Amino acid sequence: MLGEIKGLNEECGVFAVWNHKDAAQITYYGLHSLQHRGQEGAGIVVSDGDKLSIHKGLGLVTEAIKEGDLERLQGHASVGHVRYATAGGGGLVNCQPLLFQSQTGGLAVAHNGNLVNANGLKHQLEGQGSIFQSTSDTEVLAHLVKRSVYPRLEDKVTNALSMIKGAYAFAVMTENKLMVALDPNGLRPLSIGKIGEGYVISSETCAFDVVGAEYLREVQPGELITFDADGMHSEIFSSSSARSICSMEYIYFARPDSNVDEINVHSARKNLGRQLAQELPVEADVVTGVPDSSISAAIGYAEEAGIPYELGLIKNRYVGRTFIQPSQELREQGVKMKLSAVRGIVEGKRVVMVDDSIVRGTTSRRIVKLLKDAGAKEVHVRISSPPITHPCFYGIDTSTKSELIASSHSVEEMREMMGADSLSFLSVDGMLKGIGRKQESSSCGQCLACFTGNYPTEIYPDTLHPHDKVLNS
Ligand code: SF4
């Protein structure tokens, strides 16, 4: 993944099925289409009405779950997860779903997002005798549910949800109920689809097309939806719900064929490119995008600017995680693994290179060099988002503030460091306009925290990285 070298890493993906005889198989295909959201591990828990069974493993979905594993997972309901470790570290023990067995039955939990008060709650719970089996913040919810005094499971879950803060799209399953919930700010996407007589729930709608499900609706901020023998029921557990969906889902994370809160991601990116061309025009011969996430924005830029769009950069799709990476010395000699510049396209040309974001700046510098080494006369870098100046605490690994190049360098300093002929970023207003959410309603808000530092939730001191504590103090 290019994100790994950029320092901007995906979060996680949740997929669940209710009332389908092939629940585990459908979940497997669903997880496969959410693979871009996490490649460190995958797992499925299935319910046959009497018991919960689990399989999880490390690596890509195809590595973590084999055909024989799926055959063992018989049941009508399931919860699946692909993981990128944003909090709590890696290893199989932190792969999800987490499954807890007790005398009162089983409880499976899968989570996309990051809790900002997990550490404080964990200390409290440990002080009261809870023993944690993982270092993942997701486990906090399971302990809160299990300790809740309410008799009804839905009340236990809403009581637990009222104590946690941050970003979460949760799927919780027992032997006879599946529940999904979204945090009161709706920071992460979560959609519901219909499949036959049953339902599917997914972090992204691209998974619905893959499994033959029909889109039904979004899970709303502060909403808990329960699926049981009586069908689907909704309840609102937070009255202070105002949507702040993550802008980076549109800019970088989600698949272009997904609709995030009913806006198509490819169209949003193309519009960001159009905005960029309007705000920051430049005389050039070709426009190229950094594959894959910047291609849509580059097409939009080219269309708006009336400059031809060309595939000036090619990504090698077959660089697996286990491929032996070249040493620093070989890299300096020009052994390039992930991207190549197409000499025949860029040689002697003034090139506009559209990228979706800059995190540490090292990737951009390498790409500008690739284009110049391939003979580009000029390289004008255009970024289809504003500068990332603040870290994310909601499940996107944007590094610490001190590692974010835009937090400590001017645009001119960054341009000089990357060796570009010009560098410009889209404005916050241009980004809002490009994505096209109707900002006037509280249900249409958008999180801008990594660009503005205005976080939609309280940030607790124990969520901050030591470097950021210094910077924020
Ligand atoms: S801080 Fe940035 S990356 Fe994090 S949720 Fe908000 S918009 Fe998304």
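As the structure lists them, so they are numbered: ligands from 1, and atoms in each ligand from 1. In this chain, residues are counted from 1 in sequence order. Everything quoted here is computed from the prediction, not taken from an experiment.
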Checklist entry - S247 heavy atoms, cut-off 4.0 Å: which ligand 1 atoms fall inside? => result 7 (S)
Item to check | Atoms in ligand 1 with a heavy atom of Y394 nearer than 4.0 Å | outcome: 5 (S)
Checklist entry - In a check of side-chain contact (heavy atoms from CB on, under 4.5 Å) between E204 and each of V265, L34, V14, which one passes? => result L34
Checklist entry - Does the cation-pi check pass for K194 over Y199, that is, NZ or CZ under 6.0 Å from the six-membered ring centre and within 45° of its axis? => result yes
Item to check | Pairing of D356 and R269 as salt bridge, 4.0 angstrom limit | outcome: no
Checklist entry - Which of these, A449, S357, C246, S244, has its nearest heavy atom closest to atom 8 (Fe) of ligand 1? => result C246
Checklist entry - In chain order, what residues pass the ring-ring contact (aromatic ring centres under 6.0 Å, His included) check against F425, with sequence neighbours excluded? => result none
Checklist entry - Strictly under 2.8 Å, is any N, O or S atom of C447 next to atom 6 (Fe) of ligand 1? => result yes
Checklist entry - Counting backbone and side-chain atoms alike, does C392 have an N/O/S atom under 2.8 Å from atom 4 (Fe) of ligand 1? => result yes
Next on the checklist: Against the six-membered ring of F132, is K122 placed for a cation-pi contact (under 6.0 Å from the centre, within 45° of the normal)?
Outcome noted: yes
Checklist entry - Hey, which atoms in ligand 1 end up nearer than 4.0 Å to a heavy atom of C450? => result 1 (S), 2 (Fe), 3 (S), 7 (S)
Checklist entry - Can you list the ligand 1 atoms lying under 4.0 Å from a non-hydrogen atom of I396? => result 3 (S)
Next on the checklist: Checking the side chain of S33 only, and the main-chain atoms of G30 only, is there a donor and an acceptor separated by less than 3.5 Å?
Outcome noted: yes
